[in-house]
2 protein chains.
Amino acid sequence: MPRAGLDPAAVVAAGAALADEVGLHQLTMGLLAERLGVRTPSLYKHVAGQADLNQRIAALALSEAADAVGGAVQGYAGRDALAAAARAFRTFVLEHPGRYTATIGREPACPDDPLATAGRRLLDAFTAVLRGYEVAEPDVDHALRMLRSLCHGFATLQAAHGFQWSADVDESFEWLIDFADRGLRAVRP
Amino acid sequence: MPRAGLDPAAVVAAGAALADEVGLHQLTMGLLAERLGVRTPSLYKHVAGQADLNQRIAALALSEAADAVGGAVQGYAGRDALAAAARAFRTFVLEHPGRYTATIGREPACPDDPLATAGRRLLDAFTAVLRGYEVAEPDVDHALRMLRSLCHGFATLQAAHGFQWSADVDESFEWLIDFADRGLRAVRP
DNA sequence: GCCAAAAGCTAATCTTATTAACCTGTGATG
DNA sequence: CATCACAGGTTAATAAGATTAGCTTTTGGC
């Protein structure tokens, strides 16, 4: 029997990809094992179980999202940076619905959990956007939470087909970016 | 053996309550049956299975949320209505995290699905808030999606303990209401 | 070439959901 | 009042998944 040459990273990556394809809820140890050409129990040599797998997929997703948002913002400031960040985030969620779903409702055990680190990186990317606006220090945390809520809410609602009716969703998102931009420019005290 | 006197509504109500207590993910047919003083298979006389149970819990949750938001808005307009609606919504989600989670990622089968009806009612409640602002017709859908994204995003992130650091979460929410109010007042064309 | 650990495998166990088959209280009806 | 159909329960059986135990084999370092 030839070795499959797996390691935790490969298992997690395959799990994340599969979650994007079939939905996190349908991601099963058996299905993942099949995808990897291996028997189910073999996966336990690389991850501790389903909970651990989900946690690692979540960390991967947050890390990738941070890269996407951070990269998109490079070289921009103000409204351009905000738009780039928001679009990059939404695109990531829509292209990777399974792995992003894994991040919801999962809290890191310790502060040096990879999940916490990745979350912090994503937050930093959004913090950078705020530097282009003259937001006073005491408002920064609030503005950050607002941005996060807006992006997370919109992206998850759309990924879940939560917007059913008429108007074009892309157009709504651009409207929303505009709304946030105007609001942030008005925050200066 | 005395009859338990169950019906679908009672089963769904108990399921929703249990989901709030232990988390939707930990809501199991066996646990729910135990709570109702009945054997597991008996539940299938009232709901078609776990998927059906979740769908019904989701419909209940959306309906209750619509009542809460709709009721809170009564008699208010403009900023007051917005604040009342947003607070009522967030309170509902925080007090009923399990049943609200059931609404995420669930789409109604047909347009007369109770889930669809309840969702529409919740939307109507938010639409009423917008009437207090002079939002032009083509912007109404966008503004509605913005409000929904904000409230949904903030509430779910908080329910999932997604806000870890410093600033007070209640304070952030009030800041966010203010932000939305100022933005909506500026939307008039 | 030898050895220990890593990476697979099969078989077994446990938890849950779901279905099948059966039983019985209860309310409508003759 | 007797009875009868059925709604609402029951136990037993089936199936899917996760996880664990114990065995085997490859493989990298000596």
Side-chain angles (χ1 to χ4, degrees), chain A residues 1-60 98-99 101-106 109 115, chain B residues 1-60 98-99 101-106 109 115:
Chain A
M1 346 285 104
R3 289 292 170 90
L6 296 181
D7 59 33
V11 171
V12 171
L18 200 46
D20 289 339
E21 287 175 39
V22 303
L24 185 67
H25 194 68
Q26 280 70 40
L27 174 61
T28 191
M29 295 301 266
L31 188 61
L32 177 55
E34 187 184 6
R35 168 67 60 103
L36 288 166
V38 108
R39 298 314 181 103
T40 308
S42 303
L43 298 179
Y44 291 81
K45 297 288 177 171
H46 305 290
V47 297
Q50 211 165 31
D52 180 44
L53 176 65
N54 277 21
Q55 189 94 351
R56 286 169 190 250
I57 289 176
L60 175 66
R99 68 189 71 188
T101 300
T103 69
I104 297 174
R106 206 155 292 285
L115 185 62
Chain B
M1 326 280 128
R3 290 294 169 89
L6 296 181
D7 59 32
V11 171
V12 172
L18 200 46
D20 289 338
E21 287 175 38
V22 304
L24 185 67
H25 195 67
Q26 280 69 42
L27 174 61
T28 191
M29 296 300 266
L31 188 61
L32 177 55
E34 187 184 7
R35 167 68 60 103
L36 288 166
V38 107
R39 299 314 182 105
T40 308
S42 304
L43 297 179
Y44 291 80
K45 298 289 178 173
H46 306 291
V47 297
Q50 209 165 32
D52 180 46
L53 175 65
N54 276 22
Q55 188 95 350
R56 287 169 188 250
I57 289 176
L60 175 66
R99 68 189 73 187
T101 300
T103 69
I104 298 174
R106 205 155 293 282
L115 186 61

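Computed from heavy atoms alone, side chains included, the values below leave out hydrogens, waters and symmetry copies. Lettering follows sequence order; numbering is per chain, from 1.
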Contacts of type side-chain hydrogen bond (donor to acceptor under 3.5 Å, both in side chains), residue B:Asp52, not counting sequence neighbours: B:Arg56

Closest approach of A:Ala10 and A:Asp7, non-hydrogen atoms and distance? N-OD1, 2.8 Å

To the nearest angstrom, how far is A:Arg39 atom CZ from C:dG8 atom P? 13 Å

Please report the end-to-end axis angle for the helix from C:dG1-D:dC30 to C:dG30-D:dC1, five pairs per end, rounded to 10 degrees. 10°

Heavy-atom closest pair, residues A:Met29 and A:Val47: CE-CG2, 4.4 Å

Which heavy-atom pair separates A:Ala19 from A:Leu27 by the least distance, and what is that distance? CB-CD2, 4.1 Å

Looking at B:Gln55 and B:Leu115, what are the two nearest heavy atoms and their distance? NE2-CD2, 3.5 Å

Of all pairs that satisfy side-chain hydrogen bond (donor to acceptor under 3.5 Å, both in side chains), the ones with a partner from residues 24-33 of chain B, not counting sequence neighbours: none

Least distance between heavy atoms, B:Ala102 atom then B:Ala58 atom: O-CB, 3.4 Å

Could you check how far CG of A:Leu6 sits from P of D:dT26, rounded to whole Å? 16 Å

I need the CG-P distance between B:Leu32 and C:dT18, as an integer number of Å. 12 Å

To the nearest 0.5 Å, tell me how far A:Asn54 CG sits from A:Ile104 CD1. 12.0 Å

Grab the CD-P distance between A:Glu34 and D:dA16 for me, whole Å please. 14 Å

Among residues two or more places apart or on two chains, list those pairs meeting salt bridge (Lys or Arg N to Asp or Glu O under 4.0 Å) that have a residue in residues 18-41 of chain A. A:Asp20-A:Arg99, A:Glu21-A:Arg35

Give me the residues of residues 41-60 of chain A where at least one heavy atom lies under 4.0 Å from an atom of DNA chain C, by number, or none. A:Pro41, A:Ser42, A:Lys45, A:His46

What pair of heavy atoms forms the shortest contact from A:Leu60 to A:Ala16, and how long is it? CD2-CB, 3.8 Å

Per the under-4.0 Å heavy-atom filter, residues of residues 17-31 of chain A near DNA chain D come out as A:Thr28, A:Met29, A:Gly30

